[in-house]
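Source: prediction; values computed, not measured.
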Amino acid sequence: MAGNELHYLPISQVARLLRQRKVSCLEVTEAAWARIDQANPLLNAFITLQREESLLAAREADSLLEKEAPKSPLHGIPISLKDLYDTEGLLTTAGSRVTAERVPGEDSTVTRRLREAGAILLGKANMSEFACGGMDHVFGAVSNPWDIERFPGGSSSGSGASVASGMNYASMGSDTGGSIRLPAALSGVVGLKPTYGRVSRHGVVTLSWTLDHAGPLARTVRDAGIVLQAVAGLDPLDPTSSPERVPNFSRNLPRRLEGRTLAVPREAFYGSLDPQVEGAMEEALLELQRLGAKLKEVSIPNAAAGTNAMITILQAEGAAYHWERVGDRLNDLGTTARGRITQGLLTPAVSYIQAHRVRSILIEEFRQALNGVDALVVPTTQTTAQRLDEGRLTSALTPAFNMTGLPALSLPCGFTKEGLPIGMQIVGRAFEEATVLKIGHAYESATEWHTRRPPI
């Protein structure tokens, strides 16, 4: 199979080809490298790459397939990790000069579980410094595959850009206020922020202990479920990880939505949208109805307060985590990370406590909004990808779901007339990722947005 066909196939299809011996793990990995050689010079999606190590791992994966069944659907699948996941013996910078030479002595739990599933690690994806968001990229700006003059979203910038451009089949990102879902929406791929505690964060550089989530970016909803399957579950090394049962996230994904009721919180999430985003969302809601779902409008009065409260928590906890490391090197930080850490050090305890009180209110309001429905449907962003030279950030509608810890899936729901992707979020009750994925898959199966390829 030609590499230019292979590198854009979904994981589920490549896994089937590998099982049928119609393609080898080495061929799949070489196709990914061919695409990296072509696209990465334009996008700068990676901080560290390991070509020889990945090709060796692919050969070993092929040898195993000659003797036994695949370890999982990820066996022989090339992936990347946002560069804050520890990788034994491989540079893990968290996107900062302060940790630019850090080489961990062991893998993060996610890294280990992906290796055990047979995934092939190509390298570490570029990111906003310390996952603080913004457009500060110490190792060079990341470009959007749909328009290289635009930002692909952050802080998991390289993860979104690399998946969208076919350089790898999936990437693990992290999400404190939207950092999986924003690059997914702005780069035209699928991003899943699981429930807080669903995926271990042991060995993942922290920004905020109570807001950080680890999750996948992929090109299809099913693929996101496949990656989540490999990394989810209780980890004794992470005290926040949950013992909740892990279902099969990619089984029995439907094409229809009869019997489903979806909540639409218009007042809280549909105001001040860019007209093209608004139009795409209205059409997406109609499509969900055509698929058999019923829509119900709900009210979440304090949803807007979640963003400022999230920033207060993020900055205070980020400063507490990073201060010992960067205390005498603040001038080595970029503008965004330096600002967040400095503000965190100046945050009064009363402000931090009040932010958590807002959080408690939000948790209850979202619990009520989800009562009697299967999920919420909201836009991911108010606008589309900004230009790299603008300095402003795309308005996000993501922080409330970090504050509440609810599972949130962003998937493509349209494009602007300029050819920029638009994203929609499907949000479920805690630990109901399977429901969220089922709804997302039905919508994805009825639309063609996920099949479009960037012009790069």
Side-chain angles (χ1 to χ4, degrees), residues 131-134 153-156 174-185 191-198 207-213 215 240 263-273 277 281 297-319 336 340 343-344 347-371 373 375-383 393-410 423-430 432 436:
C132 284
S155 60
S156 308
S174 69
D175 194 314
T176 308
S179 290
I180 289 171
R181 291 158 291 154
L182 295 177
L192 175 60
K193 182 197 77 63
T195 308
Y196 184 82
R198 176 64 92 181
L207 177 56
S208 167
W209 290 285
T210 66
L211 295 169
D212 288 354
H213 298 64
T240 69
V264 182
R266 286 192 178 276
E267 184 179 1
F269 287 91
Y270 285 73
S272 304
L273 298 180
V277 174
M281 283 303 304
E297 292 208 18
V298 296
S299 176
I300 306 172
N302 290 290
T307 298
N308 287 336
M310 181 274 297
I311 291 171
T312 298
I313 294 169
L314 177 157
Q315 291 181 160
E317 294 184 0
T336 302
R340 292 222 185 274
Q343 283 297 114
T347 298
V350 67
S351 297
Y352 179 74
I353 292 168
Q354 291 288 64
H356 276 288
R357 293 182 69 188
V358 170
R359 185 180 211 163
S360 297
I361 293 169
L362 285 176
I363 289 170
E364 176 58 21
E365 288 187 354
F366 276 95
R367 186 193 68 78
Q368 293 179 17
L370 282 161
N371 185 37
V373 303
L376 302 171
V377 180
V378 299
T380 309
T381 60
Q382 291 177 316
T383 56
L393 288 175
T394 297
S395 301
L397 297 169
T398 51
F401 309 118
N402 296 84
M403 292 286 281
T404 56
L406 298 174
L409 175 77
S410 181
M424 168 176 69
Q425 290 183 95
I426 300 171
V427 183
R429 282 182 287 272
E432 293 192 8
V436 167

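- Scanning all heavy atoms of the two residues, the minimum distance from P265 to V378 falls at CG-CG1, 3.5 Å.
- Between the side chains of T394 and T381, not a single donor N or O lies within less than 3.5 Å of an accepting N or O.
- Separation of atoms CZ (R198) and NE2 (H213) is listed at 12.0 Å; rounding is to 0.5 Å.
- Taking each heavy atom of A263 and A369 in turn, the nearest pair found is CB-O, 4.1 Å.
- Formation of a donor-acceptor pair under 3.5 Å by the N402 side chain with backbone atoms of D175 is found in this model.
- Residues Y196 and T240 have side chains in contact (heavy-atom distance under 4.5 Å, counting atoms from C-beta outward).
- A184 approaches G191 most closely through the heavy-atom pair CB-N, 3.4 Å.
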Using residues 302-315 as the side-chain source, report each donor-acceptor pair under 3.5 Å to any protein atom, sequence neighbours left out, with the distance given to one decimal.
from, atom 1, to, atom 2, distance (Å)
N302, ND2, E365, OE2, 2.5
T312, OG1, N308, O, 3.1
Q315, OE1, R340, NH1, 3.3

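- Distance alone, capped at 3.5 Å, is enough to place a donor-acceptor pair between the T398 side chain and the G177 backbone.
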Please step through side-chain contact (heavy atoms from CB on, under 4.5 Å) for the pair R181 and F401, ending with a clear verdict.
CA-CA 11 Å; R181 291 158 291 154; F401 309 118; 3.6 Å; yes

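- Judged by distance alone, the side chain of R367 and the main-chain N or O of R429 form no donor-acceptor pair under 3.5 Å.
- Interatomic distance, CG of L211 versus CD of E317, reported as 6.0 Å (0.5 Å rounding).
- Nearest approach of Y270 to V377, heavy atoms of both residues: OH-O, 2.7 Å.
- In terms of modelled atom types and a separation under 3.5 Å, the side chain of K193 and the main chain of T176 share no donor-acceptor contact.
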Could you check M281 against V264 for side-chain contact (heavy atoms from CB on, under 4.5 Å), going step by step and ending with a plain yes or no?
CA-CA 11 Å; M281 283 303 304; V264 182; over 6 Å; no

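- The CD1 atom of I180 sits 10.5 Å away from the OG atom of S410 when rounded to the nearest 0.5 Å.
- Remark: T195 engages E433 in a side-chain hydrogen bond (donor to acceptor under 3.5 Å, both in side chains) (not counting sequence neighbours).
- Applying the side-chain hydrogen bond (donor to acceptor under 3.5 Å, both in side chains) criterion to Q368, with sequence neighbours excluded, gives E364.
- In this structure, CE on M403 lies 8.5 Å from OG on S360, to the nearest 0.5 angstrom.
- Here the side chain of Q425 pairs a donor or acceptor atom with the backbone of L397 at under 3.5 angstrom.
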Verify side-chain contact (heavy atoms from CB on, under 4.5 Å) between F269 and V427, making sure each step is shown before the conclusion.
CA-CA 13 Å; F269 287 91; V427 183; over 6 Å; no

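- A donor-acceptor contact shorter than 3.5 Å links the side chain of S156 to the backbone of S174.
- Across G154 and P183, no two heavy atoms sit closer than the pair O-CD, 3.6 Å.
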